[in-house]
Participant: 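Structure in C-alpha cells, see below.
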2 protein chains.
Amino acid sequence: MSVTTDAQLLAQLRRGVIEHCVLALLERGPRYGFDLVRELAAVEGLGTSEGTIYPLLSRLRKDGLLETSWQPSDQGPPRRYYELTAQGRTALEVFHRHWRSFRAAVDEVLEGDK
Amino acid sequence: MSVTTDAQLLAQLRRGVIEHCVLALLERGPRYGFDLVRELAAVEGLGTSEGTIYPLLSRLRKDGLLETSWQPSDQGPPRRYYELTAQGRTALEVFHRHWRSFRAAVDEVLEGDK
DNA sequence: GCTACTACCTTGCGATGCAAGGTACCTTGT
DNA sequence: ACAAGGTACCTTGCATCGCAAGGTAGTAGC
C-alpha cells in the first residue's frame, strides 16, 4: 500500500519536534539517552526509539547545544548524561516561539475559519 | 554551519502537516496547484514552493485522496483543478484527530508542567 | 517576435526518523 | 563458571519528503 499509515503519519509529525522535546526535557535536569527514550514513550504520539535518539543527541552535541559526562550506574553499564548549554537554552526558546506561531497557523488552516 | 537555521527548523515542522493543510484547503472547494502555493504563502510559517506542492499533489492523487480535471483559464495556460475524494475527506478527519492529540503532547512536554 | 506572467512538472540534494543489528556491562540463577 | 536477561551505548542502511533550481508551454501586450 502506498497510502500513508497512522504510524508514518505520526513519524512525519515528529520531525523537527522531537529534537526540541529532548531539549525541553533536559531543561528540567540532566538525563541519559535510554532514559529519554522512556520518557518520550510515556507521552502519547512522541514515542520513538534508540535509533532516533542517539544520532539526535550526537548531532545536538556536535552543534554545541548539549554537553555530556559519563557516570557510573548503581546497576548496569555506565551512563552518558546530557545537559543543556547556554546555546541549547537559547535554541529551545527560539523553537518555543516558532512552535506557538506554527501551531496557530496549522489550526487556522485546519479549522477553516476566516 | 551545521547548526539548524530558522528556515530548516520550519521546513522540518512543515513535514507531514502541509499535506493535510492542502487537504483542508481543498475541503473548502476545488483549487489548482499554483493557487495553493499562493494560499499557503499567505499563512505565516506554511509558505512553501512549487517544488513541494506538485509532487505532493501527485502523491495524493496516486493514493486516491484527490481527483483532478483540466480547465481552461481566462488568462493564461489551462489549470489542473484538484478536489477531495471521499477517501480524502476521511484522511483529513483522521489527521485532525492526530493533530489535536499531537499538539497537546508537544505542549505538555514544552510547557514542562506536571 | 520579444518579454513577461501564469501554470505545469522534474531532478538532485539534504535532513532525519526508524528498523535492525551490534557491543558491552551488570546481576541472578544454576 | 557459565548462561540468560536486563540495561545502556552506538551504527548502518533505507525511506520519506521539503526545497532550490531548472525546464516546458500557453497567453497577452508591445
Side-chain angles (χ1 to χ4, degrees), chain A residues 1-22 30-41 45-63 66 68-82 102, chain B residues 1-22 30-41 45-63 66 68-82 102:
Chain A
M1 300 301 106
S2 78
V3 177
T4 314
T5 68
D6 282 14
Q8 293 171 325
L9 191 157
L10 283 169
Q12 292 306 319
L13 277 182
R14 276 190 281 271
R15 283 211 167 220
V17 167
I18 293 201
E19 178 174 329
H20 298 93
C21 285
V22 166
R31 300 268 196 290
Y32 57 97
F34 206 75
D35 201 31
L36 285 167
V37 173
R38 278 189 302 231
E39 287 198 57
L40 287 173
L46 294 184
T48 186
S49 70
E50 301 169 61
T52 298
I53 290 297
Y54 287 115
L56 190 161
L57 288 170
S58 197
R59 198 171 64 241
L60 292 175
R61 185 163 47 94
K62 261 189 214 115
D63 289 349
L66 299 180
T68 74
S69 62
W70 285 94
Q71 279 170 35
S73 162
D74 284 358
Q75 34 191 15
R79 300 163 173 170
R80 183 175 218 169
Y81 280 83
Y82 291 82
F102 177 76
Chain B
M1 304 296 107
S2 76
V3 177
T4 314
T5 68
D6 283 14
Q8 292 171 326
L9 192 157
L10 283 170
Q12 291 306 320
L13 276 183
R14 276 191 280 271
R15 279 211 168 220
V17 167
I18 293 200
E19 178 174 328
H20 298 93
C21 286
V22 165
R31 300 268 197 289
Y32 58 98
F34 205 75
D35 200 31
L36 285 167
V37 174
R38 278 189 300 229
E39 287 197 58
L40 287 173
L46 296 182
T48 186
S49 71
E50 304 173 72
T52 297
I53 290 298
Y54 287 115
L56 190 161
L57 289 171
S58 198
R59 199 170 64 243
L60 293 175
R61 186 162 47 93
K62 262 189 211 115
D63 290 349
L66 299 181
T68 72
S69 61
W70 285 94
Q71 278 170 36
S73 162
D74 283 358
Q75 36 192 14
R79 300 163 173 172
R80 182 176 217 168
Y81 279 84
Y82 292 81
F102 177 77

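Lettering of chains follows the sequences in order, A, B, ..., and the numbering in each one begins at 1.
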Participant: Nearest to the T52(A) side chain among dC18(C), dC10(D), dG18(D), which nucleotide is it?
Facilitator: dC18(C)
Participant: What nucleic acid atoms does T48(A) come within less than 4.0 Å of, heavy atoms only: base, sugar-phosphate, or nothing?
Facilitator: sugar-phosphate
Participant: Can you tell me if Y32(B) touches the phosphate of dA7(C), counting only side-chain N or O atoms and a distance under 4.0 Å to OP1 or OP2?
Facilitator: yes
Participant: Please tell me if R80(B) has a side-chain N or O lying less than 4.0 Å from either OP1 or OP2 of dC8(C).
Facilitator: no
Participant: In whole Å, I'd like the distance from the CD atom of Q8(A) to the P atom of dA15(D).
Facilitator: 12 Å
Participant: Quick one: which of dT6(C), dC9(D), dC9(C) gets closest to the side chain of P77(B)?
Facilitator: dT6(C)
Participant: I want to check something: taking the side chain as every heavy atom from C-beta on, are L56(A) and T48(A) in contact at a cut-off of under 4.5 Å?
Facilitator: no
Participant: Mind running side-chain contact (heavy atoms from CB on, under 4.5 Å) on T68(A) and Y32(A) for me, showing each step along the way?
Facilitator: CA-CA 9 Å; T68(A) 74; Y32(A) 57 97; over 6 Å; no
Participant: Starting from P on dC19(D), measure out to CG on L40(B) and report it in whole angstrom.
Facilitator: 10 Å
Participant: Find the distance L36(A):CG to dC9(D):P and express it as a whole number of Å.
Facilitator: 9 Å
Participant: Less than 4.0 angstrom between a side-chain N/O of R14(B) and OP1 or OP2 of dC19(D), yes or no?
Facilitator: yes
Participant: Let me know the distance between NZ of K62(A) and C1' of dT11(D), rounded to the nearest Å.
Facilitator: 12 Å
Participant: Step by step, would you call Y82(A) with L60(A) a side-chain contact (heavy atoms from CB on, under 4.5 Å)?
Facilitator: CA-CA 10 Å; Y82(A) 291 82; L60(A) 292 175; over 6 Å; no
Participant: Nearest heavy atom decides the nucleotide; on that basis, is Y82(B) or L10(A) closer to the 5' end of DNA chain C?
Facilitator: Y82(B)
Participant: Could you state the atom-to-atom distance from CD1 of I18(B) to P of dC17(D) in whole Å?
Facilitator: 12 Å
Participant: Is the distance from OP1 or OP2 of dC25(C) to the nearest side-chain N or O of S73(A) less than 4.0 Å?
Facilitator: no
Participant: For C21(A) and L40(A), work out which heavy atoms get closest and say how close.
Facilitator: CB-CD2, 4.2 Å
Participant: Taking for each residue the nucleotide of DNA chain C bearing the nearest heavy atom, is the 5' side occupied by P78(A) or by D35(B)?
Facilitator: D35(B)
Participant: Which of the following nucleotides, dT11(D), dA15(C), dG17(C), is nearest to the side chain of A11(A)?
Facilitator: dG17(C)
Participant: Are H20(A) and L9(B) close enough that some pair of their side-chain heavy atoms sits under 4.5 Å apart?
Facilitator: yes
Participant: May I ask you to evaluate whether R38(B) reaches the phosphate of dA7(C), defined as a side-chain N or O under 4.0 Å from OP1 or OP2?
Facilitator: yes
Participant: Closest-nucleotide mapping onto DNA chain D: is V17(B) or F34(A) further toward the 5' terminus? I mean the 5' end.
Facilitator: F34(A)
Participant: Does any part of the side chain of R59(A), heavy atoms only, come nearer than 4.5 Å to the side chain of K62(A), both counted from C-beta?
Facilitator: no
Participant: In whole angstrom, give the distance that lies between atom CD1 of I53(B) and atom C1' of dT11(C).
Facilitator: 18 Å
Participant: Would you say dC18(C) has OP1 or OP2 under 4.0 Å from some side-chain N or O of S49(A)?
Facilitator: no
Participant: What nucleotide, of dG18(D), dT16(D), dC10(D), holds the atom closest to the side chain of R15(A)?
Facilitator: dT16(D)
Participant: Phosphate oxygens OP1/OP2 of dC17(D): is one of them under 4.0 Å from a side-chain N or O of R59(B)?
Facilitator: yes
Participant: Give one of base, sugar-phosphate or nothing for E50(B), where a contact means two heavy atoms less than 4.0 Å apart.
Facilitator: base
Participant: Which whole-number value in Å describes the distance from L9(B) CG to dC19(D) P?
Facilitator: 12 Å
Participant: Measure CD/Q12(A) against C1'/dT16(C) and give the value in whole Å, please.
Facilitator: 9 Å
Participant: Please classify the nucleic acid contact of G33(A) as base, sugar-phosphate, or nothing, using heavy-atom distances under 4.0 Å.
Facilitator: sugar-phosphate
